[in-house]
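Here the structure is laid out as structure tokens; the discussion comes afterwards.
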Amino acid sequence: MSDRTPEPVTVIGLGAMGAAMATTLLTAGHPVTVWNRTAAKAEPLVARGATLAASPTQALAAGELVVLSLVDYAAMDAILGDVDPAALRGRVLANLSSDTPERLRAAHRWAAERGAVLLTGGIMVPPPGIGQPEAYTFYAGDEAVLDAHREALSALSRIDYRGEDPGLAMLWYQAMIAVFWLSMTGYFHSVALLETAGVPAAEVRPYVAELLGGLAADSSMGFLNHLTAEIENGVYDGEFNNLDMQVVGARHVVDAFADAGLSTSLPTALWELFRRTSEAGHGAEGLTSVIELVRRQGE
């Protein structure tokens, strides 16, 4: 445990995530100043010992480290864009909001022009997970600045530093959230399909859990390991799962959803991806060859 006095932290944005961050920082002993457009959202935090700033400028004046939890980077622009640049000078803006990698790079330049340092972050848990052992955040930017504030930021989550390029935090975040959304949406589709036969979601869940666990198994038999090796080698073995076969199977999934009276939009998109990859000359190769079409802009 560190003997250092917990540093003051300002939290701007008190939605569910920002409020969870402020609460966690208070619990860890940090003096916390908060600001939100709707000041009433700060009342529970003030009751716990936080200080409510009357303005963004006052919030920035409270300390060097400023954590932003907003809907996107445009919200940061709206809040801090009209602030006197002198108020930003010397501040470390740890923005844990979502946006595009290019938008983060532009914001990094904007902050530097005003004498501030932007640490970009993509936090990988929902609000209840803040401060929990499984929580982690992808960070990018100046590593020395990150290290200077590591203790406070570590109270929120484990720090996973990805490099100097400020866009990398969001690139990693978007990559992981894509896996999450696609996997969970696939699960929702599976549940909906089986519900048409009277099967409850609770009966489906363990089969999906076993399937996902097997795919990700850290062994030579783990399918994810096998696919990763194919991607790295650029060789997509189609002996057991050639794409032409997957095209036929994916069409059967589309038809099954149609027969059950369910939406076919996502299954059709998957079938189209397989079909177009096959038509591009990869039909005899394995499922992993789909990545070749994904890599083509506009496809």
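Fair warning: this is a prediction, and the values are worked out from it, not measured in the lab. All residue numbers refer to positions in the sequence shown, counting from 1.
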Notebook entry, point to check: Do R150 side-chain atoms and V145 backbone N/O form a donor-acceptor pair below 3.5 Å?
Noted result: no
Check: What distance do T277 atom OG1 and Y236 atom OH have between them, rounded to the nearest 0.5 Å?
Finding: 10.5 Å
Check: Do M124 and F180 have side-chain heavy atoms sitting under 4.5 Å apart?
Finding: no
Notebook entry, point to check: Does R158 CZ have over 12 foreign heavy atoms under 6.0 Å away?
Noted result: yes
Notebook entry, point to check: How about W172: does its CH2 atom have over 12 heavy atoms from other parts shown lying under 6.0 Å from it?
Noted result: no
Checklist line | Atom CG of N233: over 12 foreign heavy atoms under 6.0 Å | finding: yes
Note to self: Show every side chain to side chain donor-acceptor pair (under 3.5 Å) that has at least one partner inside residues 118-142, sequence neighbours left out.
What the structure shows: T137-S157
Margin query: Does any part of the side chain of V235, heavy atoms only, come nearer than 4.5 Å to the side chain of T288, both counted from C-beta?
Written below: no
Notebook entry, point to check: Under 3.5 Å, is there a donor-acceptor pair linking the side chains of E292 and H282?
Noted result: no
Check: Quick one: CG on L68 to CD1 on I79, what's the gap to the nearest 0.5 Å?
Finding: 7.0 Å
Next item on the list: Evaluate the side-chain proximity of L93 to V117: yes if any heavy-atom separation is below 4.5 Å, no if none is.
Entry: no
Checklist line | Worked check of side chain to side chain donor-acceptor pair (under 3.5 Å) between S55 and T57 | finding: CA-CA 5 Å; S55 67; T57 298; 4.6 Å; no
Item checked: D99 side chain near Y173 side chain, heavy-atom distance below 4.5 Å -> no
Check: What's the spacing between T5 OG1 and H30 NE2 if we round to 0.5 Å?
Finding: 10.5 Å
For residues 33-54, dump all side-chain donor-acceptor pairs below 3.5 Å to protein atoms at least two apart in sequence or in another chain.
{"from": "N36", "atom 1": "OD1", "to": "L14", "atom 2": "N", "distance (Å)": "2.8"}
{"from": "N36", "atom 1": "ND2", "to": "T38", "atom 2": "O", "distance (Å)": "3.0"}
{"from": "R48", "atom 1": "NH2", "to": "T27", "atom 2": "OG1", "distance (Å)": "3.3"}

